[in-house]
Amino acid sequence: MQHVEHIGIAVKSLTESNSLFSKLLGVQPYKQEGVESEGVLTSFFQTGQTKIELLEATNPDSPIAKFIEKKGEGIHHIAFEVEDIESEMTRLKSEGFILLNEVPKKGADNKLVCFLHPKSTNSVLVELCQTIK
Ligand SMILES: C[C@@H](C(=O)O)C(=O)SCCNC(=O)CCNC(=O)[C@H](O)C(C)(C)COP(=O)(O)OP(=O)(O)OC[C@H]1O[C@@H](n2cnc3c(N)ncnc32)[C@H](O)[C@@H]1OP(=O)(O)O
Ligand SMILES: [Co+2]
């Protein structure tokens, strides 16, 4: 695992949260991107080596919609940059972590991603990200 690539924050309104985080961080988001497969619209802020990823659900079945319904807005996941996502997935599986997807999937911000089930990671949803070269 390399550095924390981003912290995912579930929000009800990207518009409202974009302006709140722009004030908080003193920077504007550098991109907004929809990820159909996850049912989310994302907004990214660069904060040093790490990013803040705001996520708004685009449909009621989205994991973000379910999360907000159950827990309200807030920190949703921590993403780590990895060099080689497939070998990391193999390593983590052998260590007993539960993979939520067996094959890396296309995420936002030019990444291949994989998620680990929170019940195997101290109730913290962990995402692995490999930059698509
Ligand atoms: C764009 C992309 C990117 O960066 O590239 C993204 O980040 S997309 C980000 C959105 N996509 C994802 O999150 C994909 C991975 N997430 C999932 O597959 C799902 O959200 C699960 C994590 C499996 C939870 O789904 P499920 O249907 O099981 O919901 P559930 O409410 O029944 O949750 C089952 C248990 O997990 C816990 N749980 C649910 N979401 C959690 C979270 N974010 N952090 C920590 N715990 C969480 C619940 O409290 C519950 O615990 P108890 O049983 O103790 O009550
Ligand atoms: Co993410």
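Because the structure is a prediction, the values reported are computed rather than measured. All ligand and atom numbering here is 1-based and tracks the order in the structure. FYI, side chains are in, hydrogens and waters are out, and symmetry mates aren't considered; it's all heavy atoms of this structure.
Around the Co ion (ligand 2), the protein contributes the following N, O or S atoms at distances under 2.8 Å: His6 NE2, Glu53 OE1, His77 NE2, Glu127 OE1.
Under the 4.0 Å distance rule, the nearest protein heavy atom to atom 50 (C) of ligand 1 falls inside the cut-off. Atom 1 (C) of ligand 1 is approached by the protein to below 4.0 angstrom, counting heavy atoms only. Inside a 4.0 Å radius of atom 46 (N) of ligand 1 there is at least one protein heavy atom. Atom 53 (O) of ligand 1 lies below 4.0 Å from none of the non-hydrogen atoms of the protein. For atom 43 (N) of ligand 1, the nearest protein heavy atom is under 4.0 Å away. Protein heavy atoms are found less than 4.0 angstrom from atom 23 (C) of ligand 1.
Ile9 and Ile64 fall into different hydrophobic clusters, where Ile, Leu, Val, Met, Phe, Trp and Tyr residues are linked whenever their side-chain heavy atoms come under 4.5 Å apart, directly or through other members. The hydrophobic clustering, which links ILVMFWY residues whose side-chain heavy atoms are closer than 4.5 Å, places Val113 and Val124 apart. Val35 and Ile132 are members of different hydrophobic clusters when ILVMFWY side chains are connected at heavy-atom separations under 4.5 Å. Transitive grouping of hydrophobic side chains (ILVMFWY, heavy atoms separated by less than 4.5 Å) keeps Met1 and Ile98 in distinct clusters. Placement of Val126 and Phe67 in two distinct hydrophobic clusters is found when ILVMFWY residues are connected by side-chain heavy-atom separations under 4.5 Å, directly or transitively.
Every N/O-N/O distance between Ile64 and ligand 1 stays at or above 3.5 Å. Considering backbone and side-chain N/O of Lys105, none are found under 3.5 Å from N/O of ligand 1. At a 3.5 angstrom cut-off on N or O pairs, His117 does not count as close to ligand 1. Taking only nitrogen or oxygen atoms, main chain and side chain alike, Thr42 does not reach within less than 3.5 Å of ligand 1.
Side-chain contact annotation: Gln28 with Asn18, donor-acceptor N/O pair under 3.5 Å absent.
Close contacts of ligand 1 with Val35, meaning ligand atoms under 4.0 Å from a residue heavy atom, involve 1 (C).
In this structure, Lys119 falls outside the shell of residues with a heavy atom less than 4.0 angstrom from ligand 1. Residue contact annotation: Ser123 has a non-hydrogen atom under 4.0 Å from ligand 1. Heavy-atom distances between His6 and ligand 1 reach below 4.0 Å in at least one pair.
Remark: the backbone N or O of Glu86 is paired with a side-chain donor or acceptor of Thr90 at under 3.5 angstrom.
Counting heavy atoms under 4.0 Å from ligand 1, residue Leu100 touches it through the side chain alone. Under 4.0 Å from ligand 1, the heavy atoms of Pro118 that appear belong solely to its side chain. By the criterion of a heavy-atom distance under 4.0 Å, neither the backbone nor the side chain of Lys111 is placed next to ligand 1. Only the side chain of Glu38 comes within 4.0 Å of ligand 1, counting heavy atoms alone; its backbone N, CA, C and O stay farther away.
Gln32 is listed as a side-chain neighbour of Leu14, based on a closest heavy-atom distance under 4.5 Å.
Remark: Glu102 engages Lys93 in a salt bridge (Lys or Arg N to Asp or Glu O under 4.0 Å) (not counting sequence neighbours). When the side-chain hydrogen bond (donor to acceptor under 3.5 Å, both in side chains) test is applied to Glu73, no partner is found at least two apart in sequence or on another chain.
Sorted by first and then second residue, the salt bridge (Lys or Arg N to Asp or Glu O under 4.0 Å) pairs involving residues 110-133 (not counting sequence neighbours) are Glu5-Lys111, Glu81-Lys111.
Residues Ile85 and Pro104 approach most closely at CG2-CG, 3.7 Å, considering heavy atoms.
Using cut-offs of 30° and 60° for the angle between ring planes, the Phe44 and Tyr30 rings count as tilted.
Using a 4.0 Å cut-off between a side-chain N of Lys or Arg and a carboxylate O of Asp or Glu, Glu53 and Lys51 do not qualify as a salt bridge. Look at Arg91 and Glu88 and you find a salt bridge, because one of the NZ, NE, NH1 or NH2 atoms lies within 4.0 Å of a carboxylate O, short of that distance.
Atom 19 (C) of ligand 1 has as its closest protein heavy atom Pro63 CB, 4.5 Å. With hydrogens left out, the protein atom closest to atom 27 (O) of ligand 1 is Lys66 NZ, 2.8 Å, a heavy atom. For atom 15 (C) of ligand 1, the closest non-hydrogen atom of the protein is Phe115 CG, 3.7 Å.
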